[in-house]
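Remember, it's 1-based here, ligands and their atoms both numbered in the order they're listed.
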Amino acid sequence: MHHERIARLLEKIRREDGRIGAFIEVYEKEALAKAQELDRKAKEGKPLGRLAGKAIAIKNIIAARGKRLTAGSKMLENYIAPYDAAVVERINAEDGIIIGSANMDEFACGSDNTHSAYFATRNPLDPEYVPGGSSGGSAAAVAAGFADIALGSDTGGSIRCPASFCGITGIKPTYGLVSRYGLSDMAMSLDQIGPLANSAKDAKLMLSAIAGRDARDQATGGTPENGKVALDFSGKPTIAVAKEFLEGCDERIAKEFHRLSDSLGAEGYQISEVSIPSLKHAIPIYYLTVFAEFSSAMQKFDGLRYGKTGRELENLTEDVGELRGSKLGLEVKRRILLGTFITTKEYHDAWYGKTLSARAVIKRDIEAVLGKYGVLLGPTMSTLPWKIGQKMENPLEMYLADILTVPANLAGIPAASVPFGKIGKFRPGMQVLGSRYGEGKVFALMEEIERLDRK
Ligand code: GLN
């Protein structure tokens, strides 16, 4: 029966993905073979893993052995991953069926998926609009009904933004909960892999499968097994709303947010308004951190080590320069240049050093609130999806779209987006942030928001 269902999904993708552009590559053969294997195992009465039969799309910045790992870039157009990422190993072990690699903004730089070097992904709720980014292919695959669950990566909102724009659920786990082994890094102190799904329940299921210690990622520590993190929580977490979350927010989104907070109040939740003034500096702190770490991560892509370029290099410096010039997109180049500039010896203290201190302040302020309250609640994005082609000219405008999502990455805390209400064709996402390893409370409130949304 798994085989039949997967065959149907693949057929749907063949028919409809031309219009959406969710996938870079569809793994037809492997997906059908895995489905068949599961059917066989089931028939023989063998136990199946907890992801048995789930069709899973994987952002193409996560390595799957023998498959192209493009990171949405021409630089890696024909690079084949030599090994599986830790999350891919775990999905395979739990009998998930990986059906393909999802499109994304080049090297995860972007908020709308129009920065893929291949093609833009469209929003399944309205193909004239962007799906959000940079995990836009992952979100679109779930929203279009091509996949049950998808994996994305989130450095400054790349799971939550597209989840919110496509009307689905997504969570960026605590930094260190999920192994980044096999994830091509964007900014290594911020990156985290996480699930996108149709419900909090499915997101939790996927997280329970991929979370846990991995010796190959030194930042991992907590596992559901060692009790450091519990994904379940019973009771009503106390809620704080930072007033900064609503400043400059689209009025229609703010209205839905207030409707949600009224409903939660009526259910007996205790909601307190707080202020975290340092949040207003989140964007420059985030982008300076990203520029610095990204420019360093990108040094290895010189056209020699990863992917075939098909040419002989004669003069190393010139040829590598020319290659990077022709294979990398404008936004990626901008970040490499700015990052190189702010980390040069002369400017290091003025820019990067200051950024690190400012990041510590924002982290401390957020932690102080989460020391008093169970969760923080606010909208995920301050805007609705924009039309494809808008915001392309001005990078600053694009950067500002991340204002509500970047604080969680700076603080290393879990943050989820869950749809609530309706605005035209779209469903605004509500963001739930918890303390480090506080996923249980985050999921508890997400499930409550889903329940209230159905009411
Ligand atoms: N939009 C943000 C950026 O471009 C976030 C990217 C991400 O989370 N990968 O930096």
Under 3.5 Å: N/O of R335 near N/O of ligand 1: yes

message: For ligand 1 and A108, I'd like to know whether there is a polar contact (N/O to N/O, distance under 3.5 Å).
response: yes

message: As an exercise, identify every atom of ligand 1 less than 4.0 angstrom from a heavy atom of C109.
response: 4 (O)

task: Quick one: look at S158 and ligand 1, take heavy-atom pairs under 4.0 Å, and tell me if it's side chain, backbone, both or neither.
output: both

message: Tell me whether G156 has any N or O atom under 3.5 angstrom from an N or O of ligand 1.
response: yes

- prompt: Can the positive tip of K67 be found less than 6.0 Å from the middle of the six-membered ring of Y27, inside 45° of the ring normal?
  reply: yes

query: With backbone taken as N, CA, C and O and side chain as the heavy atoms from C-beta onward, which portion of M398 lies under 4.0 Å from ligand 1: side chain, backbone, both, or neither?
result: neither

- request: Report the part of Y399 (side chain from C-beta onward, or backbone N, CA, C, O) that has a heavy atom under 4.0 Å from ligand 1; answer both or neither where that applies.
  value: neither

query: More than 12 foreign heavy atoms under 6.0 Å from OH of Y347: is that the case here?
result: no

- prompt: Is a side-chain N or O of R180 found less than 3.5 angstrom from the main chain of M188, in a donor-acceptor match?
  reply: yes

Nearest-neighbour protein heavy atom for atom 3 (C) of ligand 1, which is reported as residue plus atom name and distance: Y287 OH, 3.3 Å

message: If we set the cut-off at 4.0 Å for heavy atoms, which region of T155 has an atom near ligand 1: side chain, backbone, both, or neither?
response: both

task: Please could you name the atoms of ligand 1 that D154 approaches to less than 4.0 Å, counting only its heavy atoms?
output: 8 (O)

- prompt: G110 to ligand 1: N or O pair under 3.5 Å?
  reply: yes

